[in-house]
Structures are given as C-alpha cells and as structure tokens.
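Note that ligands are numbered from 1 as they come in the structure, with each ligand's atoms numbered from 1 the same way. In this text the structure is predicted, and so the values were computed from the model without any measurement. For the numbers below, each heavy atom of this structure counts, side chains included, while hydrogens, waters and symmetry mates do not.
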Amino acid sequence: MIPFLDLKALNAQYRAELIAACTRVIDSGWYIQGNECKAFEKEFAEYCGTKYAIGVANGLDALILILRAYKELGIMSDGDEVIVPSNTYIATILAISLNNLVPVLVEPELDTYLIDPSKIEEKITSRTKAIMPVHLYGQTCEMDKINEIAKKYNLKVIEDSAQSHGAYFGDKRSGNLGDASGFSFYPGKNLGALGDGGAVTTNDDELAQAIRALGNYGSHKKYENLYKGINSRLDEMQAALLRVKLRYLDEEIQKRREIASYYLENIKNENIILPIVRANNNHVWHLFVIRTKNRDALQKYLLENGIQTLIHYPIPPHKQKAYSEWNSQSYPISEQIHKEVLSLPISGVQSLEDTMKIVKIINDFN
Ligand SMILES: *Cc1c(COP(=O)(O)O)cnc(C)c1O
C-alpha cells in the first residue's frame, strides 16, 4: 500500500536530531516558556520574515487569539463581520464564531480553490472588520488584490497559513502577507510537530504583546492579569522538535515540488482536472488536489490498486451540523469542490517509483 502520508518515515529522517532535542529538554528541567520556545519563535519569525512569532498550543488557537487580541485592542467587537472563504477547514470559521464575530462566506475560484478576490467587495458592510484568506492546500491567495481591498475599506488581513509554511507571494512569505497570520504545526502539516503546536506571526508590536499575554492567562507580568486570557502555549518539547524540522522545511518543500511537477507533467486522463498555480502565486504543495466527476469511484479504484487518498474536505462548512443556521444556504462552487476533490499522496519521503506507479494507475482509470 502506498500511504497518503508516512509520518513515521518522515520523522525517522531526523531521528537522531529529534532525540537529541528531546534529551536537551528533559535535561534542562524547564518544560514551559523557556529557551527552546524563545529560540523557535526567533527562528520561525526569521524564516517568515516577520518581526514576531508567538508560539501557541495549536493552529485553531493561533487564529482565535489574533481575533481576540483585536477585540481587546478595541479594533473589533461582538457582532462584527469577518470575510472568509466558503471552502476551508472548519477551524478558520470556528475561530471567528468562537469570538462572537460573524463569518461571512465568500466563494472560491473553481480552478485554484482559493478565495475569489472579485467576490469580496460585494460582501463588505459597515460591520466588516477583517478578511481571512486561507492559503488552501499550500498555494498563496492573490494577496495583492486582497490587500488592496483591505486598504480601501480599512480592514485587517489575517492569513490562515496552516497549510502554507514557506510559500511566497512576490518576495514575501506566508505569515508576512497581511496584518497577522496563524500557523498550525499539527503533525501532518508541512512543518509538523510530534503533537500539537501553533504560532502567530505579525509585525504589529501592540498585537504581538496582546497575543502573548492572552495565551498566558491574560498575564503580561507574572501574577498580574491584563485580560481574561486562556492557556495556549507552545511547550519546550514541541518547540525543540520544531527547531530541528524547521531547518529541513525548504528541502521538504523542494521534494514536494518535484512530486507535484511529475504529477502535473505526467497525469494524462481526460476525466481528471489537475491543480493550477496562478502566475503570481506560489505553491508548497501541502496537498496535491485533483478534481473529477467520479471522485468516489476514483478513490475506490485507487485503494483497490494499493493507493491511499484522502478528501479535503468532504462536507463544506455551511453544510455542517455545527452550522445548522447555514444548512439551507447555497455556495455552489464550494459544494462542487467538496464533491469532486481528491488528494493524492505527496510528501518528502515519497519515492519516485511510488509517484510513477500512482501516475500509471491514474492514467488507466476511466
Ligand atoms: C490544520 C488547520 C487549522 C487548524 O490547525 P490545528 O493545529 O489543527 O488546530 C486551521 N486552518 C487550516 C486551513 C488548517 O488546515
């Protein structure tokens, strides 16, 4: 069986260094908010090109804390609206709802799966405070257009970079393309911890300070609390492991690009639509997502031929029970995408032999 993603093999590449990192943490006697987290924050900020990176417990918390900080700073308040793509992982939308803000869904473009900048302006009202583009599957959104709209209406731009570590738009990286950005280090992400982890990046001093305090019980000084905060911190063990993996991230991305190029050049099947990358955008191929009318049949056929695939995602957010108030609404492009997408195996440890086998089997599908 060719697995969708072999996490064990992936981490085994760095086994000795990961063990050394664990040992260093164990022997330090310091497990929360210590030097490893501080060093990772510095290294990750440098990687993204931002002034700050703040370690948090996971990607959802990163997004929640950004919005919460804007509320504490008086920039947003209950009932304000945040524009978000109608096809994203549910976490992006949960972060908005959980802050008593209102998610306003905007359809994606069918061919890139990314929020359609030409459909944003019609959704802006006097209560709109932010746009949250999601660099879905690893391709950066059209940030020039999105930032221009944000500037015109005085909106914050909050990137969901959970799938796009290292991706560029122009000469800047994901995490440095708006006012603030949330990252996830869930094990399967391009930069994955060996557990949960996340970070916020920003160049905004005030926002960074507020987020740092909010993630630590609202405390800016020991035993003094400025806000009713939460506990959301990146622990020393995960930070130490992430420091190892960050050093190999660009290599990992390069390997993913090689597999993606091979797929793009060699998958030739008229029933299958391949992903496209827009001229100005940049793709780190967190997921290689194809589309076909016969998605379920293709998935079954591939499995019968020893290839594991996944669907990102099977149910659009507005059709989830959690958002029953939206269930009767219609977002046809998003619905079509959810019906037709299939993610092929891709990772830094996938052999050329396996990639060639996948292509051959897909090309024989009819
Ligand atoms: C993974 C993911 C998140 C959430 O990250 P967690 O670390 O799992 O909380 C948010 N947004 C998107 C687009 C994601 O893919």
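- Residues His318 and Glu335 bring a donor and an acceptor atom of their side chains to less than 3.5 Å of each other.
- Set against the non-hydrogen atoms of Gly59, the atoms of ligand 1 under 4.0 Å away are 5 (O), 6 (P), 7 (O), 9 (O).
- Below 3.5 Å of separation, one finds an N or O of Ser184 facing an N or O of ligand 1.
- Not a single donor-acceptor pair under 3.5 Å links the side chain of Ser164 to the backbone N or O of Ala167.
- The protein heavy atom nearest to atom 10 (C) of ligand 1 is Ala91 CB, 3.5 Å.
- Looking only at heavy atoms of the protein, atom 2 (C) of ligand 1 is closest to Lys189 NZ, 2.7 Å.
- For an aromatic pair to be called close, the ring centres must be under 6.0 Å apart, and Phe44 with Phe183 satisfies this.
- Contact atoms of ligand 1 toward Ala162: 2 (C), 3 (C), 10 (C), 11 (N), 12 (C), 14 (C), 15 (O) (distance under 4.0 Å to a heavy atom of the residue).
- For atom 11 (N) of ligand 1, the closest non-hydrogen atom on the protein side is Asp160 OD2, 2.8 Å.
- In this structure, the protein non-hydrogen atom closest to atom 15 (O) of ligand 1 is Gln163 NE2, 2.8 Å.
- Ring geometry for His312 versus Phe4: interplanar angle of 30 to 60°, hence tilted.
- In this structure, Lys255 and Val349 have side chains that are not in contact, with every pair of non-hydrogen atoms separated by 4.5 Å or more.
- Residue Leu60 touches ligand 1 through backbone and side chain together, judged by heavy-atom distances below 4.0 Å.
- Remark: Arg247 engages Glu17 in a salt bridge, criterion side-chain N to carboxylate O under 4.0 Å.
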